[in-house]
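The shown structure was predicted, so the numbers you read here are calculated from the model rather than taken from an experiment.
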Amino acid sequence: MRITFSSYMSIPPAWKSVILIVIFFILLYKYLTRNHSYWKARGVPFEPPKFLAGSLWEVFCGRQHIGKHLGYLYGKYNKAPYFGIFVMGKPYLVLRNPEIIKSITIRDFPNFDDRTFACDKNADPMSGNSLFVLKNPEWKNIRNKLTPIFTSGKLKLMLYIMKKTGVEVEKYLEKYDNQVIEIKEVSSKYMTDLVASCFFGFDTNSFKDQDSEFRLVSRRMFEFDIFNSISLFSYFFVPKMVSWFKLKLLDTNFLKDVFYTTLRNRASTNQKRNDFVDLLLQLKENFNENNNGIHFDTNCMVSQAITFFIAGFETTSNAIAFALYELCLRPDCQEKLRREIGESLPNDVEITFESIQKMKYLDMVLSETLRRYPFGPFLNRECKEDYVIKETGLVIEKGTPILIPIDGIHNDPEYYSDPEKFDPERFSDGIKYKSQSCQYLPFGSGPRNCIGDRFGLICAKVGIIYILRKFRVERCETTPDPVVLDPKSPFMMPLGGLNMILKKV
Ligand code: HEM
């Protein structure tokens, strides 16, 4: 039957509205599903999309953690070098093959040097200027300038701050002998104090002051309710929402005020602490104008300090907490590590940078912990120009977002036998081979990898040494086994904490 304009006009108004609504939804559906044949047309295996949620329905429903879901898909498409998914109708390419990952993150890096991470610099200048978010050429310029502040020599000068915070943890834990403690909160306090001191020159005292504002602020940053998990999700997957709704990544006003206060104090007292504040100030002074017009002004400096604070404290405290959790389930590994600590530092001798470097088993324990629990469960890159994957001939179109599922790779039995087992021995030869072949990616890969990896590892090692040389951690009735990850968080964080019993040795 043909519907003409005059027959339409004769339809009662209520029916007209119904027809318009139906047409609207049909058009919307067509628009949102317009790309759903994208991967099929290119011969790429793909996870069939569901309307709106695409291939991440389980994640949107809160039933599965995004890292574990990508890991599950990684296992499902185990014959393919990559597979396709859809997020809100947009096609994403998920890489499986380490050689292809290497090409994209290292060899052909210039074509994949940015993340798809969105940020509206005008609405949120603090986050927009952060190294994590910056796009080239600004990113490269700032990264080159910041890299030297993380050299071993500079970190060595900050060891005194780490040791001071380690002593605070030790004193704090004395009160909990033979009691159940939630170790994630302890490690978060340790890292909040440490990072606040190193990057803000500020004594936060989270162990003495339960209401320390720094700790309250840092805790809020990683507490995910439905609203901030949608917001953070949009930064990674729906960048348009960020500009439409002028979303702000984080409320950084408090951190900004603290940093400015520190700058004023340093200027008036000429105090030097050999911390990152001193290094950032030096960098600002030496930053000449010959940088493609890119400035490293005070705002940019504050933005980096805030980035380092946020990127540093939760990642590293997670690693400490998960290491102690695994050690409480594996008393044999714990004893081996305590022996190593005892032999390297007999009679409570002073911890030195060199003694930490020599603790091989401690390094193996942390490497294995980060294999099992990489904080960021996926890496993310954007394709700048059409690119041909030489191994398969697939053309990745300009603008295609790429995901690298770290958890899937870290649990692939082809690279790690019995991957569910916590086994530090698999890193007895170090991580070099596995990192270089892109089978081990807790700190990412290529020039855009983690800038703070060495700082994070030293902080984690010092924290673990201070705890284990005085205490044994044991499993208790409320120790989770297996760990449940918080599905609302895009990061691999434990849901409900990590309880264990602490016993003085
Ligand atoms: C155990 C601790 C840590 C883990 C597991 C970790 C992990 C990561 C990962 C996976 C990335 C993305 C890399 C990529 O895309 O290839 C990253 C980037 C980054 N991390 Fe870390 N990180 C840790 C500690 C730190 C610390 C202590 C800092 C600062 C002091 C830091 C600062 C950054 C920054 C600024 C970036 C962005 C780098 C860029 O885009 O140039 N991270 N980190």
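Between Y416 and H410, the angle of the ring planes goes over 60°, which puts this pair in the perpendicular group of the 30/60° scheme. Using a 30° and 60° split on the angle between ring planes, F375 and F491 fall in the parallel class, below 30°.
With a 4.5 Å cut-off on side-chain heavy atoms, I85 and H69 do not count as touching. In this structure the side chain of T192 reaches within 4.5 angstrom of the side chain of F309, judged on heavy atoms. Under the 4.5 Å side-chain criterion, counting only non-hydrogen atoms from C-beta, R34 is in contact with Y31. Annotation: side chain of M493 is in contact with side chain of E314 (closest heavy-atom distance under 4.5 Å).
A salt bridge does not link R372 to E368: none of the charged side-chain nitrogens sits closer than 4.0 Å to a carboxylate oxygen. Here D407 does not pair with R371 in a salt bridge; the nearest charged N to carboxylate O distance is not below 4.0 Å. One finds a salt bridge joining D113 and K384 here, because a Lys/Arg side-chain nitrogen approaches an Asp/Glu carboxylate oxygen to under 4.0 Å.
Here the CG-CG distance, from L403 to N380, works out to 6.0 Å after rounding to the nearest 0.5 Å.
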For I142 and L146, run side chain to side chain contact (heavy atoms under 4.5 Å, CB included): C-alpha distance rounded to whole Å, both residues' side-chain angles, the deciding distance at 0.1 Å, then the answer. CA-CA 6 Å; I142 304 281; L146 289 172; 3.6 Å; yes
Trace of the side chain to side chain contact (heavy atoms under 4.5 Å, CB included) decision for Y440 with I409: CA-CA 7 Å; Y440 184 69; I409 296 168; over 6 Å; no
For F237 and F378: C-alpha separation, side-chain torsions, deciding distance, then whether ring-ring contact (aromatic ring centres under 6.0 Å, His included) applies. CA-CA 12 Å; F237 293 109; F378 57 85; 5.8 Å; yes
Evaluate side chain to side chain contact (heavy atoms under 4.5 Å, CB included) for F455 paired with M162, printing each intermediate quantity in order. CA-CA 10 Å; F455 175 72; M162 300 174 199; 3.8 Å; yes
Evaluate V462 against Y190 for side chain to side chain contact (heavy atoms under 4.5 Å, CB included), listing each step before the verdict. CA-CA 10 Å; V462 172; Y190 165 75; 3.7 Å; yes
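Aromatic pair F199/F276: ring centres closer than 6.0 Å. You'll find the ring centres of W39 and Y77 outside the 6.0 Å limit. Side-chain rings of F109 and Y387 stay apart, their centers remaining 6.0 Å or farther from each other.
Nearest approach of S367 to I431, heavy atoms of both residues: OG-CG2, 3.6 Å. Closest approach of T369 and A319 over heavy atoms only: CG2-O, 3.6 Å.
Note that R96 lies outside the cation-pi zone of F83, set by a 6.0 Å cut-off to the ring centre and a 45° limit from the axis. Both cation-pi conditions hold for R42 and Y38: the charged atom is under 6.0 angstrom from the six-membered ring centre and inside a 45 degree cone around its axis.
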